Number of protein chains: 2
Amino acid sequence: MRKLLLLLFSCTCLSLSHAQVITSPDKNVTLKFELTAKGEPTYQLTYKKKPVVKPSALGLELNEGVSFRNGFTLTNSEQKSVNESWEPVYGEQKSIRNNYNELLVTLAQKEQKDRFIRIRFRVFNDGLGFRYEFPQQPELNYFVIKEEHTEFNLTGDHKIFWIPGDYDTNEYAYTTSNISGIADLIKKATIDVHAQQPIKTLAVQTPAMMKSADGLYINIHEAALIDYPAMNLNVDDKTFKMSSHLVPDAVGNKGYVQTNAQSPWRTIVVSDKATDILASNLILNLNEPTAYKDVSWIKPVKYIGVWWEYFVAGKSSWAYSDETNVKLDQDFSKFSTNNRHGATNENVKKHIDFAAEHGFDAVLVEGWNIGWEDWFGNWKENVFDFVTPYPDFDVKALQKYAADKGVRIMMHHETSGSATNYERRLHQAFQFMADHGYNSVKTGYVGKIIPRGEHHDSQWMVNHYIHVAKTAADYKIMVNSHEAVRPTGLHRTYPNWFAQESARGTEFEAMGGLAPEHATILPFTRLMGGPMDYTPGIFQTDLSYYGTGSDQRVNTTLVKQLAYYVTIYSPLQMAADLPENYTRFPDAFQFIKDVAIDWDETYVQEAEPGDYVTIARKAKGKNEWYVGGITDENPRTATIPFNYLPAGKQFIATIYADGADASYDKNPQSYTVRKVIVTSKSQLKQRLASSGGVAISIKEGSREEMKGLKKL
Amino acid sequence: MRKLLLLLFSCTCLSLSHAQVITSPDKNVTLKFELTAKGEPTYQLTYKKKPVVKPSALGLELNEGVSFRNGFTLTNSEQKSVNESWEPVYGEQKSIRNNYNELLVTLAQKEQKDRFIRIRFRVFNDGLGFRYEFPQQPELNYFVIKEEHTEFNLTGDHKIFWIPGDYDTNEYAYTTSNISGIADLIKKATIDVHAQQPIKTLAVQTPAMMKSADGLYINIHEAALIDYPAMNLNVDDKTFKMSSHLVPDAVGNKGYVQTNAQSPWRTIVVSDKATDILASNLILNLNEPTAYKDVSWIKPVKYIGVWWEYFVAGKSSWAYSDETNVKLDQDFSKFSTNNRHGATNENVKKHIDFAAEHGFDAVLVEGWNIGWEDWFGNWKENVFDFVTPYPDFDVKALQKYAADKGVRIMMHHETSGSATNYERRLHQAFQFMADHGYNSVKTGYVGKIIPRGEHHDSQWMVNHYIHVAKTAADYKIMVNSHEAVRPTGLHRTYPNWFAQESARGTEFEAMGGLAPEHATILPFTRLMGGPMDYTPGIFQTDLSYYGTGSDQRVNTTLVKQLAYYVTIYSPLQMAADLPENYTRFPDAFQFIKDVAIDWDETYVQEAEPGDYVTIARKAKGKNEWYVGGITDENPRTATIPFNYLPAGKQFIATIYADGADASYDKNPQSYTVRKVIVTSKSQLKQRLASSGGVAISIKEGSREEMKGLKKL
């Protein structure tokens, strides 16, 4: 079903002094490229004739010699149009339309022996992507980037949903302010996070979500981050000009380039409708098709885990013993158990039983391997070996137990940030997985990076994550990385790297709590780059329940946790709560058991960053639909149409709704489950509680099943 | 034949205020340990009652908190005596005597909750070794070293043979001066070397060889450098106090310590006879016995190589093509050959033929693998893959060709300093070797290190080299590392790491030349730490011979090159010249073919650093002896006894001597070969030319063979 419509215009001249303009296929988005009198490349962008980005400079500063910033002559200009569709291995849609007009300009520096670079612009109906390209040429083989100077000269003091610029972590809470308000708020926003390295000048991270006074939604991020450092955005809060700030390496350099090469795509998604931002496939489209020949082994996964108990139950520990100083060559079976170890044979079997009974694919087990006694905070290199279990975790017996029940155990590779140690042991670690029937791994990078001086988001680490993903593919292993650089759509190219954390997820609900608005911002920010292992599904939201003295709570209603399975797209979804909490609420749990994790179609129905999100999706290959709606601290009434349903047919909708007296902070476990008949003409008006939600499953039903059900 | 005599004295007291003194078994060397009034540890050393090191401080400065420099109380003191012998896998002697008296002091910091360290001193007849030990304890699990402050407070303005302090290279020419003269000479001495990082303050490297005005020879180095950075020596050229200067990592830290741990041994070899310095086994004795269970596969190797032609012949290149920008995923067979590639099937076969004909074990082939087109100078990470041959190098066919003739091909793994790339590919690289019959590898680290910011001699790289050696052992592979940190006797513990470069070797004869005295200094400096792959055996010393326009020359006579096989100890010895040059001088070549590379006994007969060295050795398990004598630019007459020969028996000595008209710069290829009868009572007075030498092989002979030979 791949259709390609390609038109090519080329103009090769010694000098093209006039501006180059291209528009999106629907004519709404217009890109204008121009060289200044000094030969400095600039671009500007409009949406429906409203300025989005005012004339902004492009270019790179090099460590040595003349930079790629000015002195350019336009020596060639090409345009083409592409309209095709492609099918992802998994995703929010079965088929994705890739439709853009492209401008490729060649810029030569006459005084540098005609050394040249190219800039490629692609204009989609929902925005712009552009990148720098560095073709191989006699005068250009290697260079080191001191800084990229890509500007985003914004039109005003937009509202912005932001986290502080940082070289090492994305795990900040979002702050909402105008651009001019960032400076006053950034100190407060830069809360303590493990191994953070906040940028000392005023900067925010991407994806940066903005809304202009004239009603435009603007999202800046990047696509296809390969062999290059991640980009932060310098903020000029007087002129509202943002500019690229790359993450440096150990010696302060920002990137090592060997031609032929290119930068990642810089992306600007823009619309006058917030829902269009969430529906955008621009970033995916700018990534390369999958690099793997065989992707048949890559499957979405719904899982539970020995995990949440480490945060809330107050009884479990990753570590087997209370030793304070361990080395991998020690015999851990000689240590005394602390009797709080979570990854015991008994506990894991209990989880396997539960997973098998309720149809989960896998059980994540953290704390299975030696080294957790002092794994963190010492910049230690040989923290874990990834192959030696604690004495109370019988790898072979548990694998057999799980396999007999049709369940997989999910591997856990916490690296403590010691990437060199992980790379050194990578083949043995994956061979161990292959030998023992594991097919997915959760990786972690909690702590300061080794190689020391490198950052989580520097070029070397960007390459590390991809190396891990590609090596895992050799062993048919799927990877879910935590604390890695935030995603940029690379799950298209490396589909076994099927989820990431790279933002605050559920764990922070047990470490101070997430703001009720948090998950209404995530789809506009973190999720723009790719699937998140958010680990939703917490039913027991009041953590004082565990009697550990904690007065913390998960800041949602129970139903909002259900809605997350639809609003937070991921081919990897966890039911994160303790099994016994699901047993207490079997009717609500049914939604988690039912909900799909791969989709034919997605319908973004309502959305406003920081306020609410409602999304409906059709399950992959099935006549089933699932709807999730969430709100921030403000109760609201969602308006939910069903117009995507096949016309003229009745379906059974099971509606999971906040109870009339529900609220996240007072009565989170108040909910109702009701079944009704819906058709494509139905519309639901559903009240959501404070930090509440709504979740709906829609299935075909027999006449018998529909009997007695009311029409919506 | 292992004998152990152990005496133990222990004294545990709350406070031991008096000084602790131990002497060497022969009473010549005396170590005194004392705490100052401020609780600062100090030591002093005498040899035959002459001061060697005046009272000198000991201690470490930490990155955080109170350092290990003062505030100490002596809480325990133990002494023991050891007298044993052990057999190395290969070496200068079949059996090595390990005889020392030990003092172990425990030093507690009362104000740091009794946190304690230990210092262990071992006094041998030929010097002192001491190290810091950091036992595990509740108050001490991890710390970061800011600097080690070990002082060597010397007694005067000694003559010193030195190279500039540097974090990345040992490949400097030696300078001889008094300590007070270093400052004036260091700028000139710090010549350009690839990827150098000279220390900005006044510092020299170890092994530092000194001679005092009162006739003491003093050598400072270290033993068992594991999980710690290498030590340079700060020089105070007014007070003649030297002090430790560790190599920093990318962020300026000097060492990451997890208790239980210890520093390397700081070694001071001392004698009033220069020959004792060369005969010392102190550094080997301070290293741990081998870590391997099976060492039967570790064998000394005599080899030739496709190597010297890259430097002199002017026709060969490591690279297959003249491309200037290549990536490993390119198809190199599509490149045009430059017709100068050295590692071709034809050339390698020629070398295999030669090796087989003349009894060499192996042929080193450099330039066999893709990537050499732009391997150097760009801080590039993915330079080589270590498994893909150039199109004109048929791995399987050549391996079969070599195996059929009983010859091994020696692998070459140049890393270009990209240690991360090497580690990432290490298992595949070694598996490739195992699959194709290689059992030894020459590694190289030419260039700036990746992880960027690390140094060749920083802790991370020190661990890297050991990681490579240990991993190689898993594949029964022997390692010869070039450009790695200089050795510290670790070939005892990891005997498959059987040779290193880590100094200027023969290659520099083609890049400006080595001073005639160079090889008379090496045994007192670089070779103190372990075997060197010096690659001797150049017969065609005048390089203008090749008609490439070069007027360079190897600054020795032909015979001095022969002598190197004895004066430069290594279980790995190359005959480095082109095969055709050996064919031109078959009688001289016979010595290289005959000379042993493993020894039962070694007799250092004459030595003066910077002037001359004469050594005799008995071949391992054979009644054969080999003698090598060399001199600097000054001709001299060596006095060579044969008193080690079994008494009352006649042997045939073949004496390779400089011709009467020989000199390194005018007539280097003038030599004589004569056979004489020698006994244990014989003594040879042999004239050595300017930068000349003498080489002797001594074998049993039949009556027939001895017929007509004169007695010496």
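Each chain gets a letter, A, B and so on, in the order the sequences are listed, and its residues count up from 1. Computed from a prediction, not measured in an experiment: that's the story for all the values here.
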Would you mind checking which part of [X] comes under 4.5 Å of any heavy atom in chain A, side chain (CB onward), backbone (N, CA, C, O), both or neither?
| X | answer |
| --- | --- |
| Val257(B) | neither |
| Asn253(B) | side chain |
| Asp249(B) | side chain |

* To do: Count the heavy-atom pairs under 4.5 Å between each of Thr259(A), Leu426(A), Val144(A) and chain B, then report the option with the highest count.
  =>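 Top count of heavy-atom pairs under 4.5 Å with chain B: Thr259(A).
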
* Pick from Asp374(A), Asn141(A), Val251(A) with the largest number of heavy-atom pairs that fall under 4.5 Å of chain B ->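 Between Asp374(A), Asn141(A), Val251(A), the count favours Asn141(A).
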
* Asked: With no hydrogens and no angle check, do the side chains of Gln258(A) and Asn325(B) hold a donor and an acceptor under 3.5 Å apart?
  ->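 Side chains of Gln258(A) and Asn325(B): pair found under 3.5 Å.
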
* Are Tyr142(B) and Lys380(A) linked by a side-chain donor-acceptor pair shorter than 3.5 Å? ->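 Side chains of Tyr142(B) and Lys380(A): pair found under 3.5 Å.
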
How many angstroms lie between [atom1] in [X] and [atom2] in [Y], if you round to the nearest 0.5 Å?
| X | Y | atom1 | atom2 | answer |
| --- | --- | --- | --- | --- |
| Asn382(B) | Asn463(A) | CG | CG | 8.0 Å |
| Arg425(B) | Glu423(A) | CZ | CD | 10.5 Å |
| Trp379(A) | Asn63(B) | CH2 | CG | 9.5 Å |

* Would one find more than 12 heavy atoms of other residues, nucleotides or ligands at under 6.0 Å from atom NZ of Lys470(A)? ->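 No, because the 6.0 Å sphere around NZ of Lys470(A) holds 12 heavy atoms or fewer from other groups.
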
* Crowded around Lys146(A) NZ? As in, over 12 foreign heavy atoms under 6.0 Å? ->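 Incorrect, the count does not exceed 12.
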
* Given a strict heavy-atom distance threshold of 4.5 Å, which part of Thr471(A) is in contact with chain B: side chain, backbone, both, or neither? ->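 Contact with chain B involves no heavy atom of Thr471(A) at all.
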
* **Heavy-atom pair of closest approach, residues Ala250(B) and Arg452(A)** =>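 Heavy atoms of Ala250(B) and Arg452(A) come nearest at CB-O, 3.3 Å.
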
* Asked: With a 4.5 Å limit on heavy-atom distance, are the side chains of His467(A) and Arg424(B) in contact?
  ->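 His467(A) vs Arg424(B): side chains touch.
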
